[in-house]
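From a predicted model like this one, the values you see are computed outputs, not experimental measurements. To find a chain, count down the sequence lines: A is the first, B the second, and so on, and within it residues start at 1.
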Amino acid sequence: MDYFEGLNEPQRQAVQHLEGPLMIVAGAGSGKTRVLTTRIAHLIHEGVDPFHILALTFTNKAAREMKERVENILGSTEARNLYIGTFHSVFARILRIEGPQLGYPSNFTIYDTDDSKSLLKTIIQEQNLDDKHYKPSLVYNRISAAKNSLIGPLDYAEDPQVQQEDSRSGRPATGNLYGLYAKRCFRNGAMDFDDLLYQMYLLLKKVPAVLHKYQHKFRYILIDEFQDTNPAQYEIIRMLGAVYENICVVGDDAQSIYSFRGATIQNILQFRKDYEDTLVVKLEQNYRSTKSILHAANEVITHNKTQIEKALWTENGEGEKIRLVRTMTDNEEGRSVADSITELRLRHHFANRDFAILYRTNAQSRSFEENLRRMNIPYRIYGGISFYQRKEIKDFLGYLRLIVNSRDEESLRRIINFPPRGIGKTTMEKLTLMANDRDIPLFEAMKEAGSAGIRGGTLEAIGKFILMIRSLQTQLERQNAYEVAMQVFRSTGLIKELVHDKSVEGVARYENMEELLNSIKEFTETPTGDGELLDKSLGSYLQQITLLTDADQEGEDADTVKLMTIHAAKGLEFPCVFVGGLEEALFPNAMATGTREGLEEERRLFYVAITRAKTRLSLSYANTRYHFGNLQQNDPSRFLEEIPEKYLQKNFTTAYPGRFHPGRAPLGPEALVPLKPASGGQRSAPGAPAARGSDRAFAPDDPSLMEAGNEVEHQKFGYGRILRIEGAAGSRMATILFPEAGGEKRILLGYARLRLLKSGTPAGAGPAGPSPGSCPEGGSSNP
DNA sequence: TCGGAAATGTTTTTT
DNA sequence: ACATTTCCGA
């Protein structure tokens, strides 16, 4: 039982508590995953059959990691039989088996958000409602929220409060749309993301036999990221665990950042009410971050009113101060981060994979991306559009989905005229009318196109299309996913469509198709099926991929800088973390600042961002930023004021153009730190390094001129004196004393951008701004 | 029915 | 700034 080795007391307590409800309040970086995996190992070691253990996570990645770590302790033979997965994927698997008891086909289609919105748009238009007012995404959000709170279409229509909300927003028909949408999904043999929870709930509630089956199958239940569960998830867990009550939940209220998805911290309180004999264990020792980082995070979170009492501490060292960087533009922010990465790599031998750049919104990735590319720093962006959401991929998947489930109207609409085969809008309208009239799937309606008044060439084209789909369907039983996919690729004319397009995007699309086909091939050739039967059918493949996200793509361990939203970074850690865009309206985001709850969630998000960092953290904000194509001015984020000065080191590499006059004293820190100018509450520490004159672009001098004893100026470290120089001509390393930047720094002269102070004052530093050519980076201005 | 041009919305976060 | 949607003529 050497797996107990190295656990601290509360961790050991959590691992050893095998029977009965357990709540682990796990602060950031407190070894939560280790406790969970060790606990699973311990359960099995104590004789619990792995088949009886269910572990639910929020991301596939977390599930995979957990499984791997249990395997490392126990070996893969036992661990293979564990049921570990995301809520959505585990429930999808169960629904695939039990779904027919609710009237769904076992090969039901999973609609992603785009599919759902598209179907809603169709329905809104069919109801003769204005889709400008009844925006599909708004309606979708309402329906999603309802399902996550276990409110069905009927409850929705009867709930006076809900009804009032909809009338007040001018969308009283929302409830009606919900009903139609639910019916339509059912008719299409499809479930959306929320259905995977809601239908699972209905299944357990309506079919006692199924409930009993899984209650006895899952005798030990573990829930990760419990603070992110919504009422639907809570209720499912409660029902599944009702017999044995061996429910272990792990969470941290300070990291609850998914309320927009229906998650509620209430679940934490409810849990303790529902299970009075719950053992509560707090993990408060942080093993991840330096003192500076952890203490800053602790300070920030105290500004929230609602939180569970806990005190995170660490034995780790003080570490570097948190760097605070202000730039003039978003592009400069990107450049500053790219510069810092290069510098840290060279001076401290960090690898690319040690860096993460985090931001509030996906749109912010751009400036970072451009600058990393310019500096030849390999990077990978997570989030944004996932591979499977690309148009060409979805088109192809549309065929596959239709073949597997011909009731799926969304897929049918997507591909019916792609490539063009002369079946247009008018025809589809006629068919839709008939389908709705008889309440039959669209594909069935097509079979009787003649009686919908469709004649001639169009009728013929429909006949041909149906024949093609049918003949592909006959392949399903005999052939695996890859074989069917290849057949589809060849026989549908998609291959011609793609080969035809010789544009840059066209070639990229072709390559994406190749990648998709390769992934299908890989799927059919991989022997293990996630503990399940070796089902290599197309249906099995499709079931999986809809629930994959961008983070699940391979290339995990590649040596790249990682870019992602803070949401996507939850659960991860990096030696060096950059958090960008710390500006009012962006972070905290304007959408959230209206309510206390909203603002506090933003603050928790900031807390999550800070606590991702192990040793180095850099925060940045830009004075101006492009938003919808026009320049916006932003104040620094209020969150920056919540970090005590003593943890901060301010590095303002960019001053206002034209304000600096050589020869005069450098601008005082106050002038450069316009944090809430009115309140005047924010002041730089007296010894903080002042920004240097970089109004005109900072023009470094030829490094070969540098000698020991010279006085130099560095853009970030200020004035310094070269103490000594070592190394050959190509790689001379200088040790320079920068009194204002905290002491000696070792700098590679070939890389460093230093100015020789005695070489005179450069001319042309007038108010006109940077003189052309003086900036080696090109001063990249946005036209 | 189809293709290109004009207009319009998008960005808060995700399974 | 960009992508998607809508509009319009062939």
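In this structure A/Tyr134 satisfies the side-chain hydrogen bond (donor to acceptor under 3.5 Å, both in side chains) test with no other residue, sequence neighbours excluded. Looking at residues two or more places apart in sequence or on another chain, you find a side-chain hydrogen bond (donor to acceptor under 3.5 Å, both in side chains) between A/Tyr111 and A/Asn188, A/Asp408. Under the rule for a ring pair (Phe, Tyr, Trp, His ring centres under 6.0 Å), A/His88 has no partner lying at least two apart in sequence or in another chain. For A/Gln255, the side-chain hydrogen bond (donor to acceptor under 3.5 Å, both in side chains) criterion is met by A/Asp252, A/Arg612, not counting sequence neighbours. Not a single salt bridge (charged side-chain N to carboxylate O under 4.0 Å, His left out) links A/Glu429 to another residue, sequence neighbours left out. For A/Tyr198, the ring pair (Phe, Tyr, Trp, His ring centres under 6.0 Å) criterion is met by no residue, not counting sequence neighbours. The side-chain hydrogen bond (donor to acceptor under 3.5 Å, both in side chains) search around A/Tyr258 returns none, not counting sequence neighbours.
Residue contacts for A/Asn630: at a heavy-atom cut-off of 4.0 Å it reaches no nucleic acid atom on any strand shown. As judged by a 4.0 angstrom heavy-atom cut-off over every strand, A/Tyr258 is placed among residues touching the sugar-phosphate backbone only. Here A/Phe58 lies in heavy-atom contact (under 4.0 Å) with sugar-phosphate atoms only.
Between A/Thr565 and A/Thr426, the residue anchored closer to the 5' end of DNA chain B is A/Thr426, taking for each the nucleotide with the nearest heavy atom. Along DNA chain B, the nucleotide closest to A/Asn60 and the one closest to A/Ser137 are compared, and the more 5′ of them pairs with A/Ser137.
Think of the region where chain A sits on DNA chain B: with heavy atoms and a 4.0 Å cut, that region ends 5' and 3' at B/dT1 to B/dT15.
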Which letters describe nucleotides 3-10 of chain C, given B = protein heavy atom under 4.0 Å from base, S = only from sugar-phosphate, - = neither? ---S----
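For the atom pair CZ of A/Phe108 and CG of A/Leu95, the computed distance is 5.0 Å after rounding to the nearest 0.5 Å.
Atom name P, nucleotides B/dT11 and C/dT6: the rounded distance is 16 Å, in whole Å.
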